[in-house]
Amino acid sequence: MNPSDAPTDFRCGYIAIVGRPNVGKSTLMNALIGAKVSITSRKAQTTRHRITGIQTRDHAQFVYVDTPGFQTRHSNALNRTLNRTVTTTLTAADVILFVVEAGMFGPADKQVAELLPKGVPCILVINKSDHIKDKAVMMPFAQQVAAAHDFAAVVPVSAKQRFQLDILEGEIAKHLPVGTPMFDQDDITDRSEKFLAAEIVREKVFRYVGDELPYTSTVVIEKFEEEGRLRRVFAAILVERDGHKAMVIGQKGAKLKEISTQSRLDMEKLFGGPVYLEIWVKVKSGWADNEAGLRAYGYE
Ligand SMILES: Nc1nc2c(ncn2[C@@H]2O[C@H](COP(=O)(O)OP(=O)(O)O)[C@@H](O)[C@H]2O)c(=O)[nH]1
Ligand SMILES: [Mg+2]
C-alpha cells in the first residue's frame with residue numbers, strides 16, 4: 001500500500017508470537033496471514049529463526065513475528081541463541097500473543113509467561129481448542145493461566161481449523177499503534193525466497209525422516225537462480241554422520257525423492273511459478289556447537 005493512500009486512523013505494528021515449543025505458534029501465524037511462510041511440525045525444534053508474516057487489511061497492517069519456542073530443557077549454543085531471539089523480539093513488539101495449548105499450562109509455559117514484559121499489551125491465545133470436547137473446562141483453565149500475567153484479552157482459537165481468528169485479529173487491531181504501513185500490501189513476509197526455500201526443505205526433512213535424525217541437521221541453499229517465472233534451486237541437507245546421510249536418502253533414494261517432490265510442490269505454491277529443485281545430502285558435523293558456526297548458517 002502506498003503510505004499516502006492509507007486512512008488517517010490506519011494502524012500498523014509488530015505482533016510477537018511467543019510460547020513454549022509445539023503450542024502451534026507457526027501454524028497460527030500462517031493461518032493469520034493465509035500463507036505458509038513458517039514451517040511447522042510435531043517436533044519441538046522446528047522453528048529456529050525469527051520469521052515475519054504480514055497481513056494487510058483496509059484499516060490495519062499486522063506484522064507478525066513468529067519465534068522459536070523458548071527452550072528450557074538443555075542449555076547449549078543453539079538453545080541459547082534461540083532464547084535470545086525470543087527475548088529480543090519481545091522488547092520490540094507493539095502487541096504480544098502468548099500462546100498456550102488448551103488444557104495445558106505446565107512449567108515450560110510458566111517460564112515463558114515470566115518473560116512477558118509489563119507495559120506491552122499481551123493477549124492470551126488458547127490454541128488447539130478443537131481438542132477440548134467439554135467446553136465447561138475452558139473458563140477455569142483461562143482463569144488459571146490469566147493469573148500468571150495481566151492480559152489485555154483472552155481468546156480461545158483453533159489455528160488448524162481457523163476458529164475465532166477474526167476475533168483474535170480484532171483484539172490485536174485495538175492495540176496496534178496508529179501509523180502508516182511498513183510493507184507493501186501484497187507482501188506476506190520480509191524473508192527472501194532463498195531463505196524460505198531452505199525452510200521448506202528443512203520441514204520435509206523433519207517430516208519424512210524419523211525421530212532418529214538429530215536436530216543438528218540443517219539445510220543450506222547453495223544456488224538460487226531466477227529465469228523468467230522459473231526458479232532453479234540447489235539445496236544441500238547437512239547431516240552429522242554417514243549413517244544420517246543414509247537415513248535421509250532412504251532405500252534406493254526413496255526418502256530423498258519424497259523430500260524433493262514435496263519441497264518442490266510447496267515452493268511452487270508459495271512462489272507462484274515452476275521450480276527446478278536439486279537436493280544433495282552432505283556430511284558436515286559440529287556446525288551447531290558454537291556461536292560462530294550458528295552465525296555462518298544464518299542464526300542471529
Ligand atoms: N489439533 C490442533 N493441532 C494444532 C493446532 N495448531 C497447531 N497444531 C499442531 O501442533 C503441532 C505444532 O505446531 P507448530 O505450529 O509447529 O508449533 P510451534 O512449535 O509452536 O510453532 C503441529 O503438529 C500442528 O499441526 C490446532 O489449532 N489444533
Ligand atoms: Mg514454530
Side-chain angles (χ1 to χ4, degrees), residues 15-53 64-74 78-79 81-87 89-90 96-106 108-113 115-116 123-135 137-138 141-142 145 154-169 189 191 195-196 198-211 215 218-219 262 266 298-300:
I15 304 118
I17 306 178
V18 298
R20 74 157 158 83
N22 231 29
V23 290
K25 297 178 295 299
S26 301
T27 308
L28 177 68
M29 183 173 86
N30 292 338
L32 284 163
I33 68 166
K36 191 168 149 190
V37 300
S38 197
I39 64 171
T40 65
S41 92
R42 282 189 299 271
K43 294 178 194 170
Q45 279 267 7
T46 315
T47 307
R48 293 195 195 153
H49 304 269
R50 187 165 39 184
I51 312 239
T52 302
Y64 296 101
V65 187
D66 185 19
T67 62
F70 200 79
Q71 312 291 324
T72 54
R73 289 234 190 107
H74 313 282
L78 179 58
N79 283 352
T81 305
L82 297 180
N83 288 352
R84 201 162 56 227
T85 304
V86 179
T87 36
T89 308
L90 280 174
I96 295 166
L97 303 185
F98 175 54
V99 186
V100 298
E101 205 172 316
M104 289 189 209
F105 189 62
D109 300 286
K110 286 188 183 126
Q111 255 179 289
V112 184
L115 300 172
L116 300 172
I123 298 172
L124 171 61
V125 181
I126 304 177
N127 190 33
K128 307 196 190 183
S129 62
D130 53 293
H131 277 168
I132 303 291
K133 297 284 167 276
D134 178 10
K135 299 296 169 204
V137 305
M138 211 47 151
F141 176 72
V145 185
V154 180
V155 190
V157 302
S158 166
K160 209 165 190 175
Q161 300 184 350
R162 297 171 184 268
F163 172 67
Q164 302 214 138
L165 297 181
D166 49 342
I167 294 177
L168 177 59
E169 198 187 82
T189 182
R191 290 292 192 164
F195 171 86
L196 296 170
E199 288 289 280
I200 288 171
V201 177
R202 202 158 61 78
E203 181 186 72
K204 304 312 170 199
V205 174
F206 268 116
R207 187 154 305 167
Y208 295 109
V209 185
D211 289 317
Y215 70 87
T218 196
V219 175
Q262 296 305 324
D266 267 21
Y299 291 85
E300 290 152 359

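Counting starts at 1 for both ligands and their atoms, in listed order.
Between Lys36 and Asp266, at least one side-chain N (NZ, or NE/NH1/NH2) sits under 4.0 Å from a carboxylate O, which counts as a salt bridge.
Thr189 meets the side chain to side chain donor-acceptor pair (under 3.5 Å) test with no other residue; sequence neighbours excluded.
Contacts of Gln161 with ligand 1, taken as heavy-atom pairs under 4.0 Å, are absent altogether. Of the heavy atoms in Asp66, none comes closer than 4.0 Å to ligand 1.
The nearest N, O or S atom of Ser26 is closer to the Mg ion (ligand 2) than 2.8 Å.
With Arg207, Lys128, Lys25 as candidates, the residue nearest to atom 8 (N) of ligand 1 on a non-hydrogen basis is Lys128. Of the candidates Val99, Thr27, Asp130, Thr27 brings a heavy atom nearest to atom 13 (O) of ligand 1. Of the candidates Ile51, Thr67, Asn22, it is Asn22 that places a heavy atom closest to atom 12 (C) of ligand 1.
Some N or O of Gly24 is nearer than 3.5 Å to an N or O of ligand 1, by distance alone.
Close contacts between ligand 1 and Ser26 involve ligand atoms 15 (O), 21 (O) [criterion: under 4.0 Å to a heavy atom]. Residue-ligand proximity, His131 to ligand 1, at heavy-atom distances under 4.0 Å covers atoms 1 (N). Within the listing of ligand 1, atoms 20 (O) sit less than 4.0 angstrom from a heavy atom of Val23.
Although no hydrogens or angles enter the test, the distance criterion places a donor-acceptor pair under 3.5 Å between the side chain of Lys25 and the main chain of Arg20. In this structure a side-chain-to-backbone donor-acceptor pair under 3.5 Å is missing from Asp66 to Gly53. The main-chain N or O of Ile17 is found under 3.5 Å from a side-chain atom of Thr67 such that the two form a donor-acceptor pair. In this structure, Gln164 contributes its side chain and Pro156 its backbone to a donor-acceptor pair below 3.5 Å.
If you take CG on Leu32 and CG on Leu97, they are separated by 7.5 Å, rounding to the nearest 0.5 Å.
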